[in-house]
Amino acid sequence: MKTLLKGKVNFVENYNNWSLEIEVTWNKRMTKTTIKSRKLDLKTDFIPCKLSQFHLFNLLSYMSFRSDSFNFYGTKSEYSDLILESPATLPLMECKNAMIKLEGKYLVFSGGTRKKDVTSLSNVFTLNERFMRDIDQLNVTQQRV
């Protein structure tokens, strides 16, 4: 399949009680995906937080240990704990310049994959869906209490 060397596409998709705003840009080597998932039935906004790669420490640790390090900014909440403890977090954070954040009513993921790595690109969408399901379950549990 041939694609353009450079491009950008935006689209919006509704999924259960979520609205997804998806932006994909690509060049010769990389595909950058940004998924803004808006929770439509959320009564209050998410408490803002952001998980990103800690580039300086990654550089130092790769020289000796080959491990990844992350920065977490924001206030701790049930939703931030869900992001930090989820098995979906590490595979998403393996993307280039990956970032997961909660802001307003949005769960935002941004990260890059190699252009020819279609499996990783597909996994980004699958793992984002997992976060949405986990947030829905947490939201249902909170409403019962």
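Hydrogens, waters and symmetry mates play no part in the numbers below; they use all other heavy atoms, side chains included.
Linking ILVMFWY residues whenever their side-chain heavy atoms come closer than 4.5 Å, directly or via other members, places F125 and L90 in the same cluster. With hydrophobic clusters built from ILVMFWY side chains whose heavy atoms lie under 4.5 angstrom apart, V124 shares a cluster with L82. When the side chains of ILVMFWY residues are joined at heavy-atom separations under 4.5 Å, either directly or via intervening members, L138 and F131 end up in a single hydrophobic cluster. Residues F11 and W26 share a hydrophobic cluster, clusters being chains of Ile/Leu/Val/Met/Phe/Trp/Tyr side chains in contact below 4.5 Å.
Of the inter-residue distances, the one linking T126 atom OG1 with R130 atom CZ reads 11.0 Å to the nearest 0.5 angstrom. Taken to the nearest 0.5 Å, the CD atom of E103 stands 11.5 Å off from the CZ atom of F46. Taken from CG in N71 to OG in S52, the straight-line distance is 4.5 Å, to the nearest 0.5 Å. Between the SG atom of C95 and the NZ atom of K32 there is a distance of 11.5 Å, given to the nearest 0.5 Å. N10 CG to I22 CD1: the interatomic distance, rounded to the nearest 0.5 Å, is 10.0 Å. Taking CG of L102 as the reference point, atom OG of S77 lies at 6.5 Å (rounded to 0.5 Å).
Evaluated for a side chain to side chain contact (heavy atoms under 4.5 Å, CB included) with M132, the options L127, N16, I35, L20 yield exactly one hit, L20.
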Start with the C-alpha distance between D136 and K39, add both sets of side-chain angles, then the distance that settles side-chain contact (heavy atoms from CB on, under 4.5 Å), and finish with yes or no.
CA-CA 9 Å; D136 282 340; K39 179 108 172 93; 2.5 Å; yes

Dump the intermediate steps for side-chain contact (heavy atoms from CB on, under 4.5 Å) on M99 and K50, then the final yes or no.
CA-CA 7 Å; M99 179 265 313; K50 178 180 174 182; 3.5 Å; yes

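In this structure, T89 contributes its side chain and I83 its backbone to a donor-acceptor pair below 3.5 Å. Formation of a donor-acceptor pair under 3.5 Å by the Q53 side chain with backbone atoms of M93 is found in this model. No donor-acceptor pair under 3.5 Å is formed between the side chain of S19 and the backbone N or O of Y15.
Salt bridge annotation for K115-D117: absent, with no cationic side-chain nitrogen under 4.0 angstrom from a carboxylate oxygen.
When side chains are defined from C-beta on, N128 counts as touching S37, because their heavy atoms get closer than 4.5 Å. L84 is listed as a side-chain neighbour of F72, based on a closest heavy-atom distance under 4.5 Å.
The two atoms that bring V24 and T31 nearest to each other are CG1-CG2, 3.5 Å, heavy atoms only. Between R29 and N27, the closest heavy-atom pair is N-OD1, 2.9 Å. When every heavy atom of S80 is checked against every heavy atom of T75, the shortest pair comes out as OG-O, 3.9 Å.
More than 12 heavy atoms of other residues, nucleotides or ligands sit less than 6.0 Å from atom NZ of K105.
Counting only N and O atoms by type, the side chains of Y79 and D81 include no donor and acceptor under 3.5 Å apart.
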Show every donor-acceptor pair shorter than 3.5 Å between a side-chain atom in residues 106-114 and any protein atom, with sequence neighbours excluded, or say none if there are none.
from : atom 1 : to  : atom 2 : distance (Å)
Y106 : OH     : E21 : OE2    : 3.3
S110 : OG     : T34 : OG1    : 3.4

